[in-house]
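Note sheet for the following structure.
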Amino acid sequence: MERTLSIIKPDGVKKGLIGEIIKRFEQEGFKIAAMKMIWMNKKQAEGFYAVHKDKPFYNSLTDFMSSGPVVVMVLEGDNVIKRNREIMGATDPKKAADGTIRKMYADNVEQNIVHGSDAPETAKFEISYFFNSLEIVD
Ligand code: IDP
Ligand code: MG
């Protein structure tokens, strides 16, 4: 059983897509092991995306991620990291496959509705960034 961190980004929340996205995860058979809504400040968004601190889009990305509430979730399931990335689609919605969340709902490469961890080590860091062990259902 694997775990991944999912975020419904501020654009997903503003567009009223929380229910749609959670439904998609449940249909896929992912177990929701933790969930909450938060509003990150700039510093918290910078900490989460520290891996991208040298990228040209870092400042704009962290402004966006702190622009409104997000829903953070721990998803659990077999191969959930890869399967979640498949459901999300490519980072740039123009390049995302039909039927993926980003293809269906995202406006552009930055405002792309969802985040998903990309590897076991990043999942571990990202889950611990938002949740302590008492907040995750076993
Ligand atoms: P991912 O979310 O598909 O894993 P990453 O490369 O890890 O994509 O980038 C993190 C986030 O940074 C993306 O989801 C997107 O919001 C933003 N981003 C990535 N590339 C660009 C870009 O070229 N311009 C603006 N924002 C970008
Ligand atoms: Mg990434």
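Indexing begins at 1, ligand by ligand and atom by atom, following the structure's order.
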**Prompt:** Would you say Gln111 has any N or O atom under 3.5 Å from an N or O of ligand 1, going by distance alone?
**Reply:** no
**Item:** Numbered atoms and elements of ligand 1 in range of His52, under 4.0 angstrom, heavy atoms
**Value:** 5 (P), 6 (O), 7 (O), 9 (O), 10 (C)
**Message:** Heavy atom to atom 12 (O) of ligand 1, shortest distance: which of Leu61, Asp92, Ile113 holds it?
**Reply:** Leu61
**Asked** Charged N to carboxylate O under 4.0 angstrom, Lys15 versus Asp107?
**Response** yes
**Message:** For a quick check under 3.5 Å, do Lys42 and Ser66 share a side-chain donor-acceptor pair by atom type?
**Reply:** no
**Asked** If you measure every N/O of Lys9 against every N/O of ligand 1, is any gap under 3.5 Å?
**Response** yes
**Asked** Of all the non-hydrogen atoms in the protein, which one sits nearest to atom 15 (C) of ligand 1, and at what distance?
**Response** Val109 O, 3.2 Å
**Item:** Residue pair Ile22 / Met35: nearest heavy atoms and the distance that separates them
**Value:** CD1-SD, 3.7 Å
**Request:** Report yes if some heavy atom in the side chain of Val109 is under 4.5 Å from a heavy atom in the side chain of Phe57; otherwise report no.
**Result:** no
**Basic-acidic side-chain contact under 4.0 Å: Glu135, Lys36** = yes
**Request:** Show which atoms of ligand 1 fall inside a sub-4.0 Å distance from at least one heavy-atom site of Asn112.
**Result:** 13 (C), 14 (O), 15 (C), 16 (O)
**Request:** Using a strict cut-off of 4.0 Å, indicate which atoms of ligand 1 neighbour a heavy atom of Arg85.
**Result:** 1 (P), 3 (O), 4 (O)
**Message:** Check contact between Asp118 and ligand 1, using heavy atoms of the residue and a distance below 4.0 angstrom.
**Reply:** no
**Message:** Using a 4.0 Å heavy-atom cut-off, which part of Met65 comes near ligand 1: side chain, backbone, both, or neither?
**Reply:** neither
**Asked** Would you say ligand 1 has an N or O under 3.5 Å from any N or O of Glu110?
**Response** yes
**Message:** Out of Tyr58, Phe57, Phe64, who is nearest to atom 27 (C) of ligand 1 when you count heavy atoms only?
**Reply:** Phe57
**Request:** Among all protein heavy atoms, pick out the one at the shortest distance from atom 8 (O) of ligand 1; state its residue, atom name and that distance to 0.1 Å.
**Result:** Thr91 OG1, 3.3 Å
**Request:** Using the six-membered ring of Phe64, assess whether NZ or CZ of Lys9 lies under 6.0 Å from its centre and within 45 degrees of the ring axis.
**Result:** no
**Message:** Side chains of Glu86 and Thr100: any donor to acceptor distance under 3.5 Å?
**Reply:** no
**Prompt:** What protein heavy atom sits nearest atom 2 (O) of ligand 1, and how far off is it?
**Reply:** Arg102 NH2, 3.0 Å
**Asked** Are any of the side-chain heavy atoms of Asp118 and Ile81 separated by less than 4.5 Å?
**Response** no
**Message:** Quick test of your reading of the model: are Arg83 and Glu28 salt-bridged, counting only N-O distances below 4.0 Å?
**Reply:** yes
